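Written below as structure tokens is the structure these notes are about.
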Amino acid sequence: MSMVISSVLPAPCSLLMATLMLLIVQAQSFTRHYNFNVQMANVTRLCATKSIVTVNGEYPGPALVAREGDRVAVRVTNHVATT
Ligand SMILES: *[C@@H]1O[C@H](CO)[C@@H](O)[C@H](O)[C@H]1NC(C)=O
């Protein structure tokens with residue numbers, strides 16, 4: 001990509017392009033917030049229902065989606081009482 005730009009545009013122009021592209025890439029990375037509520041839930045697997053520790057009532061827990069450079073903030077709240 002940079003080879004193509006430098007061969008077509010004069011050097012100061014390609015530097016500007018590279019800076020702009022860097023700014024665009026940085027603008028696209030952001031913080032992704034997730035809430036994980038760790039709780040007991042009845043989950044049915046292979047026709048058997050049992051109460052297990054889940055994340056937001058799901059087992060396995062939800063997928064986290066992030067791109068390179070993103071920040072991922074996960075707020076975990078444990079609702080499972082240990083007795
Ligand atoms: C799971 O099911 C049992 C029986 O129906 C119920 O008593 C219990 O409260 C349920 N647990 C949860 C976490 O929903």
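Note that ligands are numbered from 1 as they come in the structure, with each ligand's atoms numbered from 1 the same way. Keep in mind that what you see is a predicted model, and the values were worked out from it rather than measured.
For atom 14 (O) of ligand 1, the nearest protein heavy atom is under 4.0 Å away. Distance remark: protein heavy atom not present below 4.0 angstrom from atom 4 (C) of ligand 1.
The nearest protein atom to atom 10 (C) of ligand 1, hydrogens excluded, is given as N42 ND2, 2.5 Å; this is a heavy-atom distance.
Between R45 and P60, the closest heavy-atom pair is NH2-CD, 3.9 Å. Across all their heavy atoms, F36 and V55 have their closest contact at CG-CG1, 3.5 Å. Looking at every heavy atom in both residues, A66 comes nearest to R32 through CA-NE, 3.5 Å.
A donor-acceptor contact shorter than 3.5 Å is absent between the side chain of T49 and the backbone of T44.
Between S51 and ligand 1, not a single N/O pair is under 3.5 Å apart.
Every atom of ligand 1 with a heavy atom of M40 under 4.0 Å away is listed here by number and element: 13 (C).
In this structure, R67 places its CZ atom where only 12 or fewer heavy-atom neighbours from other residues, nucleotides or ligands lie under 6.0 Å away.
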